[in-house]
Amino acid sequence: MNKANVLELQAGSHTFKLTEITRNNIDTKTLKTKYSELYKALLKVSTYFKFDIL
């Protein structure tokens, strides 16, 4: 689905949905060596896909 750039697919009575999710994570290894005031500077962004069958 991702290679074909299709985000939602209807197959019979089922709907398949591919959703891209982006979230921010704290790099805790770096946070332990730095001050807590640097929280925002240490955010790591990760992106993943969520696959739903509706």
To the nearest 0.5 Å, what is the distance between [atom1] on [X] and [atom2] on [Y]?
| X | Y | atom1 | atom2 | result |
| --- | --- | --- | --- | --- |
| H14 | L9 | NE2 | CG | 12.0 Å |
| K44 | R23 | NZ | CZ | 10.5 Å |
| I21 | S46 | CD1 | OG | 10.5 Å |

Under a 4.5 Å cut-off applied to non-hydrogen side-chain atoms, are L18 and E8 in contact? no
Connected via hydrophobic side-chain network under 4.5 Å: L38 and L43: yes
Determine all donor-acceptor pairs shorter than 3.5 Å in which one atom belongs to a side chain in residues 47-54; sequence neighbours excluded.
{"unit_1": "T47", "atom_1": "OG1", "unit_2": "T22", "atom_2": "OG1", "d": "3.4"}

